[in-house]
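These figures come from a predicted structure and were not determined experimentally.
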Amino acid sequence: QVQLVESGGGLVQAGGSLRLSCAASGSTFSSYTMGWFRQAPGKERDFVAAITRTGSTTYYAESVKGRFGISRDNAKNTVYLQMNSLKPEDTAVYYCASSLGSYYTLREKSDYWGRGTQVTVSS
């Protein structure tokens, strides 16, 4: 099993930056594809970004390309989401997720989820 704990959320102004962290424990971190999802009030949970086991490949939702960057440090059992040029529409609860499968499996059905961290972008 894997336990995931997100941190780093907060309130920022439009155009600002924020870095989210997700600390994993309970299993071998490097065995998992990792990703971030987000859910705004009244909306469904959407995919944001993902990274392969070795960090060699990353994937992004079209809405965040060029602004967000996902990375991982397997030695620290942590995945990060660097968010730049934030917009009010980025406001949501951000969730960390993991899967023993590929990026495609992560999109379909993640094995584990964190409890989320709130990101609010003001105009």
For this session: Answer yes or no: is there a side-chain heavy-atom contact under 4.5 Å between Ser30 and Arg53?
Result: no
Exercise. Taking Thr52 for the side chain and Thr57 for the main chain, is one N or O donor matched with an acceptor at less than 3.5 Å?
Worked result: yes
For this session: Indicate yes or no: at least one non-hydrogen side-chain atom of Tyr95 is less than 4.5 angstrom from one of Leu4.
Result: no
For this session: Starting at CD1 of Ile70, measure out to CD of Gln82 and round the result to the nearest 0.5 Å.
Result: 12.0 Å
Exercise. Under 3.5 Å, is there a donor-acceptor pair between the side chain of Gln1 and the main chain of Ser27?
Worked result: no
For this session: May I ask you to decide if Ser122's main-chain N or O and Gln13's side chain share a donor-acceptor pair within less than 3.5 Å?
Result: no
Exercise. Take atom CD in Glu89; do more than 12 heavy atoms of anything else shown fall under 6.0 Å from it?
Worked result: yes
Seminar exercise, completed: d(Gln118 CD, Tyr94 OH) to nearest 0.5 Å is 9.5 Å
For this session: Check the hydrophobic clustering (I, L, V, M, F, W, Y; side-chain heavy atoms under 4.5 Å; chains of links allowed) and say if Tyr104 and Trp113 are grouped together.
Result: yes
Exercise. For the side chain of Ser110 and the backbone of Ser99, is there at least one donor-acceptor N/O pair under 3.5 Å apart?
Worked result: no
Exercise. At what distance, to the nearest 0.5 angstrom, does OG1 of Thr78 lie from CG of Leu20?
Worked result: 12.5 Å
Problem set entry | Geometric cation-pi criterion, Arg45 with Phe37: 6.0 Å, 45° | no
Seminar exercise, completed: Between the CZ atom in Arg72 and the OG1 atom in Thr33, the distance rounded to the nearest 0.5 Å is 7.0 Å
Exercise. Would you say Trp36 and Phe68 make side-chain contact, with heavy atoms under 4.5 Å?
Worked result: no
For this session: Measure the NZ-OG distance between Lys87 and Ser123 for me, rounded to the nearest 0.5 Å.
Result: 14.0 Å
Problem set entry | Ile51-Val64 co-clustered via ILVMFWY side chain contacts under 4.5 Å | yes
For this session: Taking the side chain as every heavy atom from C-beta outward, state whether Leu100 and Ser31 have any pair of such atoms under 4.5 Å apart.
Result: yes
Exercise. Between Tyr103 and Tyr59, what is the ring plane arrangement, given parallel below 30°, perpendicular above 60°, and tilted in between?
Worked result: parallel
For this session: Begin with the C-alpha distance, continue with both residues' side-chain angles, and end with the deciding distance and a verdict on side chain to side chain donor-acceptor pair (under 3.5 Å) for Asn84 and Ser17.
Result: CA-CA 4 Å; Asn84 300 320; Ser17 298; 2.9 Å; yes
For this session: State plainly whether one hydrophobic cluster holds both Leu81 and Val2, where clusters connect Ile, Leu, Val, Met, Phe, Trp and Tyr through side-chain heavy atoms under 4.5 angstrom apart.
Result: yes
For this session: Decide yes or no for Arg67 and Tyr60: does some side-chain heavy atom of the first lie under 4.5 Å from some side-chain heavy atom of the second?
Result: no
For this session: Indicate, with yes or no, if Phe47 and Met83 share a hydrophobic cluster defined by side-chain heavy-atom contacts under 4.5 Å among Ile, Leu, Val, Met, Phe, Trp and Tyr.
Result: no
Exercise. Is there a side-chain contact between Val48 and Asp46 (heavy atoms, below 4.5 Å)?
Worked result: no
For this session: Kindly work out whether a path of hydrophobic side-chain contacts (I/L/V/M/F/W/Y, heavy atoms less than 4.5 Å apart) joins Tyr112 to Phe29.
Result: yes
Problem set entry | pair Asp90-Arg38: side-chain heavy atoms closer than 4.5 Å | yes
For this session: Would you give the length of the straight line joining atom CG of Leu106 to atom OG of Ser98, rounded to the nearest 0.5 angstrom?
Result: 8.0 Å
Problem set entry | Taking every non-hydrogen atom, the tightest pair across Cys96 and Val79 | SG-CG1, 3.8 Å
